[in-house]
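Before any comments, here is the structure.
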Amino acid sequence: MIVFVAKTFKQLTTTELYEILQLRSQIFVVEQTCIYQDLDGKDLKAIHILGRKKGALVAYSRLFKADDYLEHASIGRVAVKEGERQHGYGLSLMKASIQEIEDRFHENTIVISAQTYLKKFYNALGFKEVGEGYLEDGIPHIKMLKKA
């Protein structure tokens, strides 16, 4: 079973921050062979969703209220550890992230920059494509929007 907790940057322990950066690097840099600047300065304003299974960080996302990053509330850096993806943790993580945005920010319009191959996954959560696809750090992405 996975348990989610939401924390501001200041609430994160140094160990939690290390685990987050390690997971993001493992997935977005090593696994996806993408060299990019993960430490973008935005973590300071983000709400961090940590998903733990038996104490280990296996899922993560970061959330922003409207105008802190984009014009609408947003979810990014959605990550589930390799070897844990067959359990539906990505779906659980996104549902927890959406709920946290609704509860904490009282917003129900959410935007994401989705990797194109995950369109159907995000469609199932109520996100719809907006505009044309684009490359972000050399990976095909599409802007997607969810409205209540």
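Values below: all heavy atoms of this structure, side chains included; hydrogens, waters and symmetry mates excluded. Throughout, residue positions are numbered sequentially from 1 according to the sequence presented.
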Atom pair [atom1] ([X]) and [atom2] ([Y]), whose distance is rounded to the nearest 0.5 Å:
| X | Y | atom1 | atom2 | result |
| --- | --- | --- | --- | --- |
| Gln115 | Ile139 | CD | CD1 | 5.0 Å |
| Glu84 | Leu57 | CD | CG | 10.5 Å |
| Lys143 | Glu129 | NZ | CD | 13.0 Å |
| His72 | Asn108 | NE2 | CG | 10.5 Å |
| Lys147 | Phe127 | NZ | CZ | 13.0 Å |
| Met144 | Ile75 | CE | CD1 | 11.5 Å |

Side chains of [X] and [Y] in contact at under 4.5 Å (non-hydrogen atoms):
| X | Y | value |
| --- | --- | --- |
| Leu50 | Leu12 | yes |
| Gln26 | Leu23 | yes |
| Arg62 | Arg24 | yes |
| Val80 | Ile27 | no |
| Ile47 | Thr8 | yes |
| Phe4 | Gln99 | no |
| Lys81 | Tyr89 | no |
| Asp43 | His48 | yes |

If you count heavy atoms of other groups shown closer than 6.0 angstrom to [atom1] of [X], is the number above 12?
| X | atom1 | value |
| --- | --- | --- |
| Glu132 | CD | no |
| Lys65 | NZ | no |
| Ile35 | CD1 | no |
| Tyr134 | OH | yes |

Please check if [X] and [Y] belong to a single hydrophobic cluster, counting links between Ile, Leu, Val, Met, Phe, Trp and Tyr side chain heavy atoms closer than 4.5 Å.
| X | Y | answer |
| --- | --- | --- |
| Tyr60 | Leu118 | no |
| Ile20 | Phe9 | yes |
| Phe121 | Ile110 | yes |
| Ile98 | Val111 | no |
| Met94 | Val3 | no |

Give the minimum heavy-atom separation between [X] and [Y], together with the two atoms involved.
| X | Y | answer |
| --- | --- | --- |
| Glu16 | Gln11 | OE1-O, 4.0 Å |
| Arg77 | Asp40 | NH2-OD2, 3.2 Å |
| Leu125 | Lys95 | CD2-CG, 4.0 Å |
| Phe28 | Val78 | CZ-O, 3.3 Å |
| Ala6 | Arg104 | CB-NH2, 3.9 Å |
| Ala59 | Ile2 | CB-CD1, 3.9 Å |

- Query: Would you say Thr116's side chain and Pro140's backbone share a donor-acceptor pair under 3.5 angstrom?
  - Reply: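 Flag set: sc Thr116 to bb Pro140 pair under 3.5 Å.
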- Salt-bridged, Lys7 to Glu19, with N to O below 4.0 Å?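 Salt bridge absent between Lys7 and Glu19.
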- Query: Do we see a donor-acceptor contact under 3.5 Å between the side chains of Asp137 and Gln37?
  - Reply: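 On atom types as modelled, these side chains do not qualify, holding no pair under 3.5 Å.
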- Which residue, Leu63, Thr109, Ile49, forms the side chain to side chain contact (heavy atoms under 4.5 Å, CB included) with Ile101?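 Answer to the side chain to side chain contact (heavy atoms under 4.5 Å, CB included) test with Ile101 among Leu63, Thr109, Ile49: Leu63.
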